[in-house]
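What follows is a short report on a single structure.
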Amino acid sequence: MARLARLELADDELDMFTGQLAAVLDHAADVEALDLGDVPPTSHPYPLKNVLRPDVVSATVDTAEVLGAAPKVEDGRFRVPAIVGEAP
Amino acid sequence: MSSYLSARELAAGVRAGEWSAASSLEEYLGAIDESDGEVHAFNVVTADDARATAAAIDEAVAAGRDPGPLAGVPVALKDNLCTHGVATTCSSLILEGWVPPYDATVVSRLREAGALIVGKTNLDEFAMAGSTENSAFGPTRNPHDTTRVPGGSSGGSAASVAAGFTPLALGSDTGGSIRQPAALCGVVGMKPTYGRVSRYGLVAFASSLDQIGPFARTVDDAALLFEVIAGRDPLDATSIPEPVPAVSEQLDRGVEGLRVGVVGELMGEGIAPDVAARVHEASEALRAAGAKVEDASVPASIFGLSAYYLIAPAEASSNLARFDGVRYGLRVDAPNTNDMMVATRTQGFGAEVKRRIMLGTYALSAGYYDAYYGKAQKVRTLIIRDFAAAYDRFDVLLSPTSPTTAFPLGDKTADPMAMYMNDVCTIPSNLSGDPAISVPYGTGDDGLPVGVQVLAPALGEEVMFRVAATLEASVS
C-alpha cells in the first residue's frame with residue numbers, strides 16, 4: 001500500500017501502521033458485513049446539475065507567481081529529475 | 001474593551017465612526033502578543049497587513065463610505081485557506097513556506113466585507129484528526145485549561161475565538177472539525193449545508209464532505225459571518241445556487257411550535273453522562289420555550305463512523321496525490337522523478353496523513369473497492385434516507401457535539417481509533433450534507449465547556465440558527 005501511495009516506511013513504522021490500520025478496518029467490518037445489494041451508492045450529498053458558463057476570457061492567476069512557488073523551474077516550466085528509464 | 005464587544009457591535013461602532021478599526025485592532029493584537037505563546041492558536045500573525053487594512057477602513061469611514069458588515073472586525077483563518085501573498089501550510093512540512101498565488105473565495109468575501117485578517121491558525125495536518133496535536137508546528141492548547149486539547153482539526157481557530165484573540169474565525173469541517181473544537185473551547189461553531197459556501201481556495205481533504213464555516217462567541221455573530229461567506233461562486237462548481245437566507249433577521253423568532261427530536265443513537269454508549277445531561281437540559285429548555293420535544297431515531301447513524309473512515313481516507317488519498325514535489329512546497333532531491341516523489345512525500349507528510357493515505361489507497365484498490373469504498377457509499381445512502389425520515393417528523397434534531405469535554409494533551413495520540421471516536425456525533429451530518437451547529441451549553445463535571453449540537457435538513461440554516469439562539473439565551 002505504501003508503495004502504491006508513493007510512501008516509504010521504516011520497519012518500526014510498518015509495524016505501528018499495520019496494527020493501527022487493522023484496528024480501523026476491524027471497526028469497518030460492521031459496514032463490510034451489511035447486505036446492501038440494491039441500495040444505490042452516494043458519491044455526492046447534494047443533487048447538482050452540470051451547467052455551462054459563457055466562454056469568455058477572464059482573469060486568472062499570474063504565471064510568474066505560480067512558478068515562483070515551485071521547487072524548480074526552467075524556461076517557464078516546472079523542472080523535474082529524469083523520468084525516462086526509471087523503475088515504475 | 002472592544003474584545004468583549006460582539007463582532008456585530010464592533011463593526012457597527014467602526015462604521016458609525018464611534019471608534020477606529022486601527023485602535024480596536026491593537027487591543028486584539030495585544031491579546032495575541034500576551035497569550036499566544038502559551039495557546040499557540042496561530043501559525044502566523046499578519047499584524048502589518050491587518051494594520052494597513054484597518055487604516056484603509058478608517059479612511060473610508062472618514063470619507064463617508066461604508067466599509068461593509070464586518071468593518072474592522074479581526075478574523076482568524078484556518079491555515080488550509082489560501083491567502084494571496086501569505087504562507088498557507090496546512091500545518092504540514094510538505095507545504096511549509098508555500099505562498100498561494102490567489103485568495104480563497106471566503107477570504108475575498110471577508111476582505112470585501114471590511115474584515116481584518118490577523119493570521120492563519122494551527123490545525124491537525126491537512127485537517128486530519130481531532131485534537132490539533134497532529135501539527136508539524138506543535139500543538140494548540142485549550143484556552144480554558146492549557147493542559148487540555150482544543151479539539152480539532154480547526155483547533156487554532158476555536159482557540160483564537162475562545163481566548164479573545166479574534167471575535168470571529170473560519171474553519172473547515174469534514175467530519176466535525178469546526179463543531180467539535182467549538183464544543184471543547186466553549187464557542188459557537190457551524191457547518192453549513194454542503195455547497196452553501198464556496199471551497200475555492202480551501203486545500204481539499206475529502207471533497208464530498210468538506211465545508212467551510214464560522215466560529216464566533218455568539219450565535220448572532222456566527223450568523224453574521226455565515227451570511228458574508230455563503231452563496232454561489234462560479235469558481236466552485238459544487239457551490240449551490242439557492243439564495244442565502246437572512247438568518248440574522250430570524251434569530252429572535254423563537255421555537256414556539258417547532259418539533260425537536262433528540263437522536264437516541266447519539267445519546268447512548270460512549271457519551272459521557274455529564275455531556276448527555278447537558279443535552280437533556282437543552283431539550284428541556286426548548287420545551288419550556290414552546291417547542292415540542294420527542295425522542296428521534298436515525299438508525300444508520302451508528303454506521304457513520306465506519307463509513308466515514310473509508311470514504312474520507314479514500315478521497316484524501318486521491319486529493320493528496322497532488323503533493324509530489326513538482327509544483328509547490330517541499331522537494332527532496334533524488335536522481336529520478338519517482339524517487340523524488342517518494343522521498344518528498346515520505347519526509348513531508350506526518351504519521352496521521354500517511355495512515356489515511358494508506359487506508360484510502362487500500363479502500364480504493366482493486367479487489368477491496370466493493371467491500372469497502374463501495375459499501376461505505378451505500379451506507380451513506382442509508383444515513384441520508386434515515387435523516388430524511390427523521391425530518392418528516394422533526395424540524396431539527398439535537399445531540400451532543402462531542403462525546404466528552406476536552407481531554408488532556410497526549411491522551412489519544414497513540415490510539416487513532418480512540419481519536420476517531422471523537423467524531424461519532426458530528427460525522428453523520430457530513431455524510432448527509434446537512435447543516436449543523438454547536439452551541440456552548442454549560443460545563444461538564446470537570447468544569448470544561450460542553451457543546452450541544454443542533455442538526456437541520458439541507459438548506460435549513462434559518463431554523464437551525466433560531467434554535468441555536470434560543471438555546472444560547474436559555475443558558476446565559
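Proteins get letters first, then strands, A, B, ... in listed order; numbering begins at 1 in each.
Of the atoms belonging to Thr344(B), not a single heavy atom falls under 4.5 Å from chain A. The parts of Met358(B) that come within reach of chain A are both its backbone and its side chain, each placing non-hydrogen atoms under 4.5 angstrom from that chain. Of the atoms belonging to Tyr420(B), it is side-chain heavy atoms, and not backbone ones, that fall under 4.5 Å from chain A. At a 4.5 Å heavy-atom cutoff, the contact between Ala458(B) and chain A is made by side-chain atoms alone. Using a 4.5 Å cut-off between heavy atoms, Leu459(B) touches chain A through its side chain atoms alone. If you measure heavy-atom distances from Val99(B) to chain A, the contacts under 4.5 Å come from the backbone alone. At a 4.5 Å heavy-atom cutoff, Glu352(B) makes no contact with chain A through either its backbone or its side chain. There is no contact between Val73(A) and chain B, counting heavy-atom distances below 4.5 Å. For chain B, no part of Arg3(A) is nearby; none of its heavy atoms comes within less than 4.5 Å. In this structure, chain A has no heavy atom under 4.5 Å from any part of Ala363(B). Neither the backbone nor the side chain of Leu67(A) comes within less than 4.5 Å of any heavy atom in chain B. With a threshold of 4.5 angstrom between heavy atoms, Ala351(B) approaches chain A through its backbone and through its side chain. In this structure, chain A has no heavy atom under 4.5 Å from any part of Ala343(B).
Looking at every heavy atom in both residues, Pro101(B) comes nearest to Glu65(A) through CA-OE2, 3.7 Å. The shortest heavy-atom contact between Arg6(A) and Asn338(B) is NE-OD1, 2.8 Å. Taking each heavy atom of Phe17(A) and Lys354(B) in turn, the nearest pair found is CZ-CB, 4.1 Å. Scanning all heavy atoms of the two residues, the minimum distance from Val31(A) to Ala307(B) falls at CG2-N, 4.0 Å. When all heavy atoms are compared, the tightest approach of Ser208(B) to Pro45(A) is O-CD, 3.5 Å.
With a 4.5 Å cut-off on side-chain heavy atoms, Thr238(B) and Tyr46(A) do not count as touching. Two residues are said to be in side-chain contact when any heavy atoms from C-beta on lie closer than 4.5 Å; Ser207(B) and His44(A) fail this criterion. No side-chain heavy atom of Leu7(A) sits less than 4.5 Å from a side-chain heavy atom of Val342(B). Annotation: side chain of Pro81(A) is in contact with side chain of Arg331(B) (closest heavy-atom distance under 4.5 Å).
Here the straight-line distance linking atom OH of Tyr309(B) with atom CG of Leu21(A) works out to 13.0 Å at 0.5 Å rounding. Note that CD1 of Ile311(B) and OG of Ser43(A) are 9.5 Å apart. Values are rounded to the nearest 0.5 Å. Taking CE of Met417(B) as the reference point, atom CD of Gln20(A) lies at 11.5 Å (rounded to 0.5 Å). Note that CZ of Phe303(B) is 8.5 Å distant from CG of Leu36(A), once rounded to the nearest 0.5 Å.
Here Pro41(A) is the residue among Gly68(A), Pro41(A), Ala70(A) with the most heavy-atom pairs under 4.5 Å with chain B. Residue with the most contacts toward chain A among Leu330(B), Leu431(B), Val326(B), Ile357(B): Val326(B) (heavy-atom pairs, distance under 4.5 Å). Put simply, of Leu34(A), Asp62(A), Val61(A), Asn50(A), the one with the most heavy-atom pairs under 4.5 Å next to chain B is Leu34(A). The greatest number of non-hydrogen atom pairs below 4.5 Å with chain B, out of Leu4(A), Leu9(A), Val80(A), is found for Val80(A).
Side-chain contact of Ser306(B) with His27(A): a donor-acceptor pair under 3.5 Å is present, judged by distance alone.
For a heavy-atom cut-off of 4.5 Å, chain A lies close to Lys378(B), Val379(B), Arg380(B), Thr381(B), Leu382(B), Ile384(B), Arg385(B) in residues 378-387 of chain B.
Counting heavy-atom neighbours within 6.0 Å of Arg232(B) CZ, excluding the residue itself, gives a total above 12.
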Should Leu359(B) and Leu25(A) be marked as a side chain to side chain contact (heavy atoms under 4.5 Å, CB included) after you check the CA-CA gap, both sets of side-chain angles, and the distance that decides it? CA-CA 9 Å; Leu359(B) 192 58; Leu25(A) 290 174; 3.9 Å; yes

Decide yes or no on side-chain hydrogen bond (donor to acceptor under 3.5 Å, both in side chains) for Glu32(A) and Tyr368(B), but give the supporting numbers first. CA-CA 10 Å; Glu32(A) 204 195 345; Tyr368(B) 296 100; over 6 Å; no

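For the pair Arg345(B) (side chain) and Ala5(A) (backbone), a donor-acceptor distance under 3.5 Å is present.
A salt bridge between Lys72(A) and Asp333(B) is present, with a side-chain N of the basic residue lying under 4.0 Å from a carboxylate O of the acidic one.
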